[in-house]
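Below: the structure, in structure tokens.
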Protein chains: 2
Amino acid sequence: MELHEPDLTAVPVTAVLAALADDVRLQIVRALADGGEAACGSFDFGVSKATRSHHLKVLREAGLTRTRAAGTSRLVRLRRDEVDTLYPGLLDAVLTSRPTA
Amino acid sequence: MELHEPDLTAVPVTAVLAALADDVRLQIVRALADGGEAACGSFDFGVSKATRSHHLKVLREAGLTRTRAAGTSRLVRLRRDEVDTLYPGLLDAVLTSRPTA
DNA sequence: GGTGTTGTTCGATCGTTGTCGAACAAGGGT
DNA sequence: ACCCTTGTTCGACAACGATCGAACAACACC
């Protein structure tokens, strides 16, 4: 399986913002904010696994996450350093905002 | 005319991000980044005035801009301080990104 | 009052996207 | 080999949103 993980600089800002402008995806990003890895299945936010897979794809193709295979699972992690370098303050601003605002 | 300018804290983060996740609106925000006021008509980015009015409404209702009447015109300005207080780094991150990325 | 300028609103269209179930693929375990 | 778990992909559907032209409203100015 080809994992499409673009260079962040190649992703339009609007695409990055659009990727973050969704409740489910924001919850995923929040869950990854500690820098750790998590399996796709660990993000159970009341959506089907098809939908979850879709959201993870959006985040990945926006250059926000990296994914690696581990057995039958896939481990996802936030590309925190790269995002912070290109958009300093963006993740902090989004992550420190109270959930379900 | 009732101008709907919500308290920023009452706007979901996703709505703020969604408001910024559009090329036309991002151009508007960039044009207002210097802190000045501008008439709606000054944002001529190749869209009709109906579309422009729609985008300004989205920005206003996301709590990102304020609008005041001035004759037949309406002057728009960015709510920079408030946004920076609630989402420090967000506007900077977005505004310093190279346009047409 | 009439005309022109500036914006907003309405209705319609059309592409995008969030959502699901079902089918499929790849591994691990017994 | 078989099955179960984990994800992805494929249609389909519904909701949303960007866009436009046209109609309307508010104001200024002559």
Side-chain angles (χ1 to χ4, degrees), chain A residues 1-6 11-32 36-77 100, chain B residues 1-6 11-29 31-32 37-77 100:
Chain A
M1 157 106 244
E2 280 297 318
L3 278 195
H4 188 214
E5 294 182 346
V11 179
V13 195
T14 48
V16 176
L17 292 170
L20 294 171
D22 179 278
D23 259 314
V24 176
R25 289 196 292 267
L26 214 44
Q27 290 183 72
I28 295 177
V29 171
R30 275 193 245 267
L32 295 171
E37 284 179 318
C40 302
S42 70
F43 307 115
D44 192 358
F45 300 125
V47 293
S48 72
K49 60 179 183 174
T51 303
R52 190 190 319 148
S53 188
H54 162 69
H55 285 309
L56 288 167
K57 182 180 183 181
V58 172
L59 287 173
R60 177 166 21 94
E61 296 190 344
L64 291 171
T65 58
R66 285 203 189 279
T67 306
R68 69 183 182 92
T72 70
S73 296
R74 288 185 173 205
L75 296 181
V76 185
R77 71 175 191 281
T100 322
Chain B
M1 153 112 251
E2 281 297 317
L3 276 196
H4 188 214
E5 293 182 344
V11 179
V13 194
T14 48
V16 176
L17 292 170
L20 294 171
D22 179 278
D23 259 314
V24 176
R25 288 195 292 266
L26 216 42
Q27 290 183 71
I28 295 177
V29 171
L32 296 172
E37 285 180 318
C40 301
S42 70
F43 307 115
D44 192 358
F45 300 125
V47 293
S48 72
K49 61 178 180 173
T51 302
R52 189 190 320 147
S53 189
H54 162 69
H55 285 309
L56 288 168
K57 182 180 183 181
V58 172
L59 288 173
R60 178 167 20 94
E61 295 189 344
L64 292 171
T65 58
R66 285 202 189 279
T67 306
R68 68 182 183 92
T72 71
S73 295
R74 287 185 175 205
L75 296 181
V76 185
R77 69 175 192 280
T100 323

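- Rounded to whole Å, atom C1' of dT6(C) lies 14 Å from atom CZ of F43(B).
- Atom CG of L75(B) is separated from atom P of dT8(C) by 12 Å (rounded to the nearest Å).
- For T72(B), taking side-chain heavy atoms from C-beta onward, the closest of the listed nucleotides dT9(D), dT5(C), dG27(C) is dT5(C).
- Screening L64(A), L59(A), D23(A), V76(A) for a side chain to side chain contact (heavy atoms under 4.5 Å, CB included) with I28(A), the sole residue that qualifies is L59(A).
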L32(A) and T65(A): CA distance, side-chain angles, deciding distance, side chain to side chain contact (heavy atoms under 4.5 Å, CB included) verdict: CA-CA 9 Å; L32(A) 295 171; T65(A) 58; 4.2 Å; yes
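- In this structure, R74(A) reaches the dT8(D) phosphate: one of its side-chain N or O atoms is under 4.0 Å from OP1 or OP2.
- Computed from coordinates, the L56(B) CG to dA18(D) C1' distance equals 14 Å when rounded to whole Å.
- Taking CZ from R74(B) and CZ from R60(B), the interatomic distance works out to 7.0 Å, rounded to the nearest 0.5 Å.
- Separating the CG atom of D44(B) from the C1' atom of dT5(C) is a distance of 15 Å, rounded to the nearest angstrom.
- For the pair E61(B) CD and dA18(D) P, the interatomic distance rounds to 12 Å; values are reported in whole Å.
- Between D44(B) and V47(B), the closest heavy-atom pair is OD1-O, 4.5 Å.
- For the pair S73(B) and dC27(D), the criterion of a side-chain N or O lying under 4.0 Å from OP1 or OP2 is not met.
- Atom NE2 of H55(B) is separated from atom SG of C40(B) by 13.0 Å, given to the nearest 0.5 angstrom.
- In this structure, F45(B) CZ and L26(B) CG are separated by 10.0 Å, a value rounded to the nearest 0.5 Å.
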In B/S/- notation (B base, S sugar-phosphate only, - none; protein heavy atoms under 4.0 Å), nucleotides 11-22 of chain C written 5' to 3' is -------SBBBB
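- Distance L59(B) CG to dT8(C) P: 12 Å, rounded to the nearest Å.
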